[in-house]
Amino acid sequence: MASKLIISGGTPLSGQISASGAKNAVLPILCAGILGEGPLTVSNVPHLQDVTTCLELLGSMGVTLEVDEKLNVSIDPRTLSSQVAHYDLVSKMRASIVVLGPLVAKYGYAKVSLPGGCAIGSRPVDQHIKGLEALGARIEIEDGYIVAKADKLKGAHIYMDMVTVTGTENILMAAVLAEGESILENAAREPEVVDLADCLIAMGAKIEGAGTNTITVQGVPALKAASHRVVADRIETCTYLCAAAITGGKVTVHKTRPDTFEAVLSKLEEAGVKVTVEGESVTADMEGRALKAVDIYTAPYPAFPTDMQAQFLAMNIVAKGVGRVTENIFENRFMHVDELKRFGAKISITGNTAISEGLPVLKGAEVMATDLRASASLIIAALAAQGETTVSRIYHIDRGYECIEEKLRQLGATVRREAS
Ligand code: UD1
C-alpha cells in the first residue's frame, strides 16, 4: 500500500540515534553468500525494502535463508537450484545485478534481467560485462536478459573505463573463484567495496588493495562458511547530520564510521556546522549559527558522494548566499529540484549544476518522492519548513532508510505515516 509521510516542520532536531547497517554494503554481501560452500551469516542487516527484495531474489533461486532472533541473516547456497534473476525482482532493485558475478563464477551460468532501480539516468552495465568477459565469461543479451556462460573463469588484468561501484563488486566476486591472479585497475574505492572485500576475505578469498584503485585477487578453488558484520551506513548518518543542520539543531549519530564520510563532514563545517567526532560517534551542532550555502561537486569516493547531493541542495535553499551543486556521476539526478521549488525554493539548473539562492524561510508543501536520495532531501526540507508537508510515494525512502519516522521522532520531529 502506498504511504505518505506528514511532517510538521520548524522544530530544531535534538538528540541521539544509532546508524543502521549500510544498504549499499549489505546488498552485495548478501549476494556474496552465493559463493560459499557453507552458510554466510550477516549481522547488522538493516530492515529495508531493498534487503527484502534481495532476500526474495536469493530465495527465488532456491537459496536457504534464515533469520535468527538477533535479526542476523544466514544464506546457505547449497540448495541453490536456479541461476536466473527474473525481471520482476531485478526491475525493483538495480543492485540485483550483483548476483551476475557470483553465479557465473560458481555455477558457470547466470541469466540476469537487465536492471531497473532509481530513475536517475540510463545507468548502463557495460563495465560489468566487459570485466566478466575479460575473466572468460561468454555473454549475450537475450530478450532483456544478460546470459553469461563460462567453464572456469581465469584471472585477468582488467582496466575499468570508469569508476563503478557495483561493477567493481561484480568483478571482484567473480575474480575470487577465478583461476590465478586478477588485477582490477580503476576500481571503486567506496567503503562498501572494502566491506564486501572484508566479507569475502572472511570466506577465504585472497584480496589485496580494496579501498585503493588497484585491487589484486589470487583466485581460490572454493570459499567457506563465514560471518560478517555490515559496516555502518555513511549516507544515512550524513542525512541525519543534514537534518540537524537545516533545523538549527544538535544531533549525535552513534555506531557509525566517521572515517568513511570525511568529505561530507568537511562540507558541513564549510556550511557553518560544528562537527565533533568521538570514536564511532559524530555530532552536528548549529550552535545558534545560520547555515551558509556551499558549492558541491560530486565524484567517486573519497570525494563528495552523489548520494548526499540532494540533501545538501535542500540545505542550500535555506542557507545564506548562492550555492552550486554539480552532479558529475549521474545524468538526470535533479528530479528533486522541481519538488524543492514547491517549498518556495529558488533553484535554476544549468547543465549539470543546480544553482540556488537561499531564502530565510520555506513553506510546507505537498511533494512527491522521485527516487531514494531525492526523497531524503524532501524530508529534510520539510523538517525546516513552516507548517505541514506531505511527502507522497514514500516507498522510495523505505528502500534505503531504516525506521525513518522512529528515528526522526527520537530526535523530536513531528512526523507520521499515513496510507495514501
Ligand atoms: C552505486 C550505489 C549508488 C551510488 C552510486 C555512485 C549501490 C547499490 N548503489 O550505484 O547508491 O549512487 O554507486 O556512488 O551500491 N556506469 C557505466 N557503465 C557501467 C557501470 C556504471 O557507464 O557498466 C556509469 C553509471 O551510469 C554512472 C557511473 O558509471 O554514471 C557510476 O555508476 P556506478 O558506480 O556503477 O553506480 P552503481 O554501482 O549503480
Side-chain angles (χ1 to χ4, degrees), residues 21-32 46 48-51 53-54 57 90 92-101 112 114-134 139 141 146 148 158-174 184 186-197 213 230-231 233-236 238-239 260-261 263-264 296-311 326-336 352 371-377 396-397 399-401:
K23 172 183 91 71
N24 287 354
V26 73
L27 300 174
I29 285 169
L30 293 172
C31 296
L48 297 174
Q49 187 52 47
D50 271 9
V51 169
T53 305
C54 188
L57 176 64
V90 180
K92 274 197 209 164
M93 186 185 71
R94 193 193 141 77
S96 311
I97 186 76
V98 293
V99 293
L100 183 62
V112 178
L114 284 164
C118 281
I120 49 172
S122 60
R123 301 182 81 172
V125 288
D126 55 301
Q127 298 301 305
H128 301 236
I129 292 174
K130 175 182 141 164
L132 296 174
E133 282 179 339
I139 298 183
I141 307 293
I146 304 167
I158 301 165
Y159 297 85
M160 312 288 283
D161 293 335
M162 79 248 325
V163 177
T164 150
V165 177
T166 48
T168 300
E169 291 165 347
N170 237 338
I171 297 162
L172 177 62
M173 286 192 278
L184 188 50
N186 201 20
R189 300 167 60 186
E190 268 67 3
E192 295 76 21
V193 173
V194 177
D195 203 36
L196 171 65
N213 50 21
V230 175
V231 69
D233 197 315
R234 62 195 167 105
I235 305 298
E236 186 209 26
C238 293
T239 299
T260 63
F261 45 83
V264 180
I296 300 286
Y297 191 85
T298 67
Y301 191 84
F304 192 93
T306 173
D307 286 352
M308 282 306 300
Q309 170 259 99
Q311 299 88 318
T326 304
E327 172 56 47
N328 297 300
I329 307 286
F330 294 112
E331 54 192 270
N332 195 22
R333 207 178 196 181
F334 280 133
M335 286 182 296
H336 42 292
N352 60 339
D371 68 60
L372 172 55
R373 304 306 167 186
S375 51
S377 77
H396 286 292
I397 205 139
R399 289 189 42 218
Y401 288 88

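For reference, positions follow the sequence shown, starting with 1. What's counted below: heavy atoms across the whole structure, side chains too, no hydrogens, waters or symmetry copies. One-based numbering, in listed order, for ligands and for the atoms of each.
Polar contact with ligand 1: present for D126 (N/O pair, distance under 3.5 Å). Residue contacts with ligand 1: N24 is placed with a nitrogen or oxygen under 3.5 Å of a nitrogen or oxygen of the ligand (distance criterion only). Ligand 1 has an N or O atom lying under 3.5 Å from an N or O atom of T166, backbone or side chain. Considering both main-chain and side-chain atoms, V165 comes within under 3.5 Å of ligand 1 through a nitrogen or oxygen pair. Residue L27 places no N or O, backbone or side chain, under 3.5 Å from any N or O of ligand 1.
Checked by atom type and distance alone, the side chain of N328 pairs as donor or acceptor with a backbone atom of T298 at under 3.5 Å. With hydrogens and angles ignored, the 3.5 Å screen pairs a side-chain donor or acceptor of D233 with a backbone N or O of K23. In this structure a side-chain-to-backbone donor-acceptor pair under 3.5 Å is missing from E190 to V193. Listed for the K130 side chain is no donor-acceptor partner under 3.5 Å among the backbone atoms of I158. The backbone N or O of D307 lies less than 3.5 Å from a partner atom in the side chain of Q311, making a donor-acceptor pair.
Exactly one residue among D161, N170, T168, N186 makes a side chain to side chain donor-acceptor pair (under 3.5 Å) with Q127. That residue is D161.
Against a heavy-atom cut-off of under 4.0 Å, R94 is close to the following atoms of ligand 1: 39 (O). Those atoms of ligand 1 that come under 4.0 Å of a heavy atom in T306, given as number and element, are 6 (C), 12 (O), 14 (O).
For the ligand labelled ligand 1, residue P124 lies inside the 4.0 Å heavy-atom shell. Within the 4.0 Å heavy-atom shell around ligand 1 one finds V163.
Only the side chain of D307 comes within 4.0 Å of ligand 1, judged by heavy-atom distances. The proximity of I129 to ligand 1, defined as any non-hydrogen pair under 4.0 Å, does not occur for either the backbone or the side chain. Of all the heavy atoms of Q127, the ones lying under 4.0 Å from any atom of ligand 1 are found in both the backbone and the side chain. Only side-chain heavy atoms of R333 come within less than 4.0 Å of ligand 1; its backbone N, CA, C and O stay farther off. Contact annotation for H128 and ligand 1: heavy atoms of both the backbone and the side chain come within less than 4.0 Å of the ligand. Counting heavy atoms closer than 4.0 Å to ligand 1, residue A95 contributes side-chain atoms (C-beta onward) but none from N, CA, C or O.
Taking all atoms of both residues into account, the shortest heavy-atom contact from A148 to I139 is CB-CG1, 3.9 Å. The minimum heavy-atom distance linking A310 with R373 is given by the pair CB-O, 3.6 Å.
With respect to E192 and R234, a salt bridge is recorded, a charged nitrogen being found less than 4.0 Å from a carboxylate O.
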Does K92 form a side chain to side chain contact (heavy atoms under 4.5 Å, CB included) with R399? I'd like the steps, not just the answer. CA-CA 10 Å; K92 274 197 209 164; R399 289 189 42 218; over 6 Å; no
